[in-house]
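Worksheet: the structure to be examined is printed underneath.
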Amino acid sequence: MNFYCMTLFPEMMEQAMNTSILKRAMEKDILRFQAFNIRDYTKDKHCKVDDYTYGGGAGMLMQAQPVYDTFQAVKEKIQKPVRCIYVTPQGAVFNQDMAQEFAAEEDLVFLCGHYEGIDERVLEEIVTDYVSIGDYVLTGGELPALVMMDAIARLVPGVLGKEESFMTESFTDGLLEYPQYSRPEEWMGKKVPEVLLSGHHANIEKWRYEQSVERTRQRRPDLYQRKFGP
Ligand code: ADE
């Protein structure tokens with residue numbers, strides 16, 4: 001899978017992507033990441049990428065030209081139609097189903113905005129998906145794009161090792177994950193639940209499922225209702 005990111009802060013993106021599991025996936029060539037610096041594509045002689053908004057109001061807007069030309073450079077590289085995700089609090093809220101859907105793509109382009117946003121005309125020209133990571137406002141699109149790339153990348157076959165396998169974890173079956181314990185058997189007077197020491201796999205599985213259901217009911221009643229009804 002190939003991620004392309006249009007941003008004013010390519011180093012921030014590269015640094016985050018070149019860490020831990022994603023770094024390993026890139027070394028194995030399962031994943032590729034390329035940041036395009038929007039400032040490299042401005043035709044302004046002072047390398048400006050933003051300007052005041054028509055109609056007044058506070059703040060600066062990213063201009064259409066540098067964003068559009070950056071996207072042309074990305075398209076030149078990909079050479080086929082591609083989804084272009086604009087990360088914005090005005091988008092649909094990202095979730096595991098969307099991560100799954102995006103993970104099936106071979107290429108994905110992320111557009112990270114800054115300042116007060118991006119000139120609407122270029123968004124109309126290039127964006128296929130408007131996606132938010134939640135109902136709060138960040139200073140730029142870089143962190144949301146990284147969040148989405150992380151969630152998408154780990155669904156790409158081969159990115160996670162067997163140990164990190166994602167089949168029975170929070171959200172894959174609409175339930176939160178059950179509690180887990182490692183050594184020692186007793187810590188600060190708290191014992192590991194007996195059933196987990198029993199070696200009885202059917203009982204362990206049943207216990208874990210019940211814990212998942214109860215935890216979801218308590219912590220995420222919205223998910224519980226979606227799965228089991230009101
Ligand atoms: N840009 C600023 N805030 C954002 C959010 N919550 N989601 C996506 N992009 C954003």
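Values below: all heavy atoms of this structure, side chains included; hydrogens, waters and symmetry mates excluded.
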*pair Q72-Y41: side-chain heavy atoms closer than 4.5 Å*: no
*Test: R83 and D107 ion pair at under 4.0 Å*: no
*Can you check whether F36 reaches P10 side chain to side chain, under 4.5 Å on heavy atoms?*
no
*Would you mind reporting whether D119 and Q65 have side-chain heavy atoms less than 4.5 Å apart?*
no
*Look at E125 together with R121 and state whether they make a salt bridge at an N to O cut-off of under 4.0 Å.*
no
*Side chains of Q96 and L155: closer than 4.5 Å at any heavy-atom pair?*
yes
*Considering non-hydrogen atoms only, spot the tightest contact between E116 and A58 and give its length.*
CG-O, 3.7 Å
*Which atoms form the tightest heavy-atom contact between L196 and R208, and what is the distance?*
CD2-NE, 4.2 Å
*F71-I78 co-clustered via ILVMFWY side chain contacts under 4.5 Å*: yes
*Would you call E106-K80 a salt bridge at under 4.0 Å N-O?*
yes
*May I ask you to decide if A92's main-chain N or O and S132's side chain share a donor-acceptor pair within less than 3.5 Å?*
no
*CD on E105 to CG on D129, rounded to 0.5 Å*: 8.5 Å
*To the nearest 0.5 Å, what is the distance between CD (Q211) and OG1 (T216)?*
10.5 Å
_Between CZ on residue R39 and CG on residue D44, distance to nearest 0.5 Å_ = 9.5 Å
_Checking the side chain of T42 only, and the main-chain atoms of I38 only, is there a donor and an acceptor separated by less than 3.5 Å?_
no
Show me the side-chain donor-acceptor pairs of residues 221-230 shorter than 3.5 Å, one per line, residues at least two apart or across chains.
{"from": "D222", "atom 1": "OD1", "to": "R220", "atom 2": "NE", "distance (Å)": "3.0"}
{"from": "D222", "atom 1": "OD2", "to": "R220", "atom 2": "NH2", "distance (Å)": "2.9"}
{"from": "K227", "atom 1": "NZ", "to": "D173", "atom 2": "O", "distance (Å)": "3.0"}

*When rounded to the nearest 0.5 angstrom, what is the spacing between CZ in F110 and CZ in F3?*
5.5 Å
*Can Y181 be reached from I204 by stepping across I, L, V, M, F, W or Y side chains whose heavy atoms are under 4.5 Å apart?*
yes
*Could you walk me through whether C112 and L8 pass the side-chain contact (heavy atoms from CB on, under 4.5 Å) test, one step at a time?*
CA-CA 8 Å; C112 303; L8 290 172; over 6 Å; no
*Closest heavy-atom pair and its distance - L111, Y86*: O-CD1, 3.5 Å
*Yes or no on side-chain contact (heavy atoms from CB on, under 4.5 Å) for V82 and V74, after CA distance, side-chain angles and deciding distance?*
CA-CA 10 Å; V82 64; V74 175; 5.7 Å; no
*Would a 4.5 Å heavy-atom cut-off, applied to side chains only, mark E186 and V192 as touching?*
no
Could you list the donor-acceptor pairs under 3.5 angstrom formed by side chains in residues 22-35, with sequence neighbours left out?
{"from": "R24", "atom 1": "NH1", "to": "E164", "atom 2": "OE2", "distance (Å)": "3.4"}
{"from": "R24", "atom 1": "NH2", "to": "V159", "atom 2": "O", "distance (Å)": "3.1"}
{"from": "R24", "atom 1": "NH2", "to": "E164", "atom 2": "OE1", "distance (Å)": "2.8"}
{"from": "K28", "atom 1": "NZ", "to": "G158", "atom 2": "O", "distance (Å)": "3.2"}
{"from": "D29", "atom 1": "OD1", "to": "R32", "atom 2": "NE", "distance (Å)": "3.0"}
{"from": "D29", "atom 1": "OD2", "to": "R32", "atom 2": "NH2", "distance (Å)": "3.2"}
{"from": "Q34", "atom 1": "OE1", "to": "K77", "atom 2": "NZ", "distance (Å)": "2.8"}

*Over all heavy atoms of both residues, which pair between M1 and F102 is shortest? Give the atoms and the distance, please.*
CE-O, 3.3 Å
*If Ile, Leu, Val, Met, Phe, Trp and Tyr residues are connected whenever their side-chain heavy atoms lie under 4.5 Å apart, and connections chain through other members, are V213 and V195 in the same group?*
no
*Salt bridge flag under 4.0 Å for residues E185 and K191*: no
Per-pair distances, 0.1 Å, donor-acceptor, side chain in residues 135-151, under 3.5 Å, sequence neighbours excluded:
{"from": "Y136", "atom 1": "OH", "to": "I133", "atom 2": "O", "distance (Å)": "3.1"}
{"from": "E142", "atom 1": "OE1", "to": "H114", "atom 2": "NE2", "distance (Å)": "2.9"}
{"from": "E142", "atom 1": "OE2", "to": "T7", "atom 2": "OG1", "distance (Å)": "2.6"}

_What's the separation between atom CD in E214 and atom CG in L175, rounded to the nearest 0.5 Å?_
11.5 Å
_Minimum heavy-atom distance P179-R215, with the two atoms named_ = CB-NH2, 3.7 Å
_Minimum side-chain heavy-atom gap Y52-L61 below 4.5 Å_ = no
*Can you tell me if CD on Q90 sees more than 12 non-hydrogen neighbours from other groups inside 6.0 Å?*
no
*What do you reckon, is CD of E76 surrounded by more than 12 foreign heavy atoms closer than 6.0 Å?*
no
_Show, in sequence, the C-alpha distance, side-chain angles and deciding distance for L108 and Y4, and conclude whether the side-chain contact (heavy atoms from CB on, under 4.5 Å) test is met._
CA-CA 6 Å; L108 280 179; Y4 303 87; over 6 Å; no
*For C84 and M6, run side-chain contact (heavy atoms from CB on, under 4.5 Å): C-alpha distance rounded to whole Å, both residues' side-chain angles, the deciding distance at 0.1 Å, then the answer.*
CA-CA 10 Å; C84 177; M6 303 191 276; 4.0 Å; yes
*Does a donor on one side chain sit under 3.5 Å from an acceptor on the other, for E11 and Q15?*
no
_Student check: side-chain heavy atoms of Y130 and L123 closer than 4.5 Å_ = yes
*From N95 CG over to E101 CD, what is the distance, rounded to the nearest 0.5 angstrom?*
9.5 Å
_Within the structure provided, determine whether I152 and F94 are in side-chain contact (heavy-atom separation under 4.5 Å)._
yes
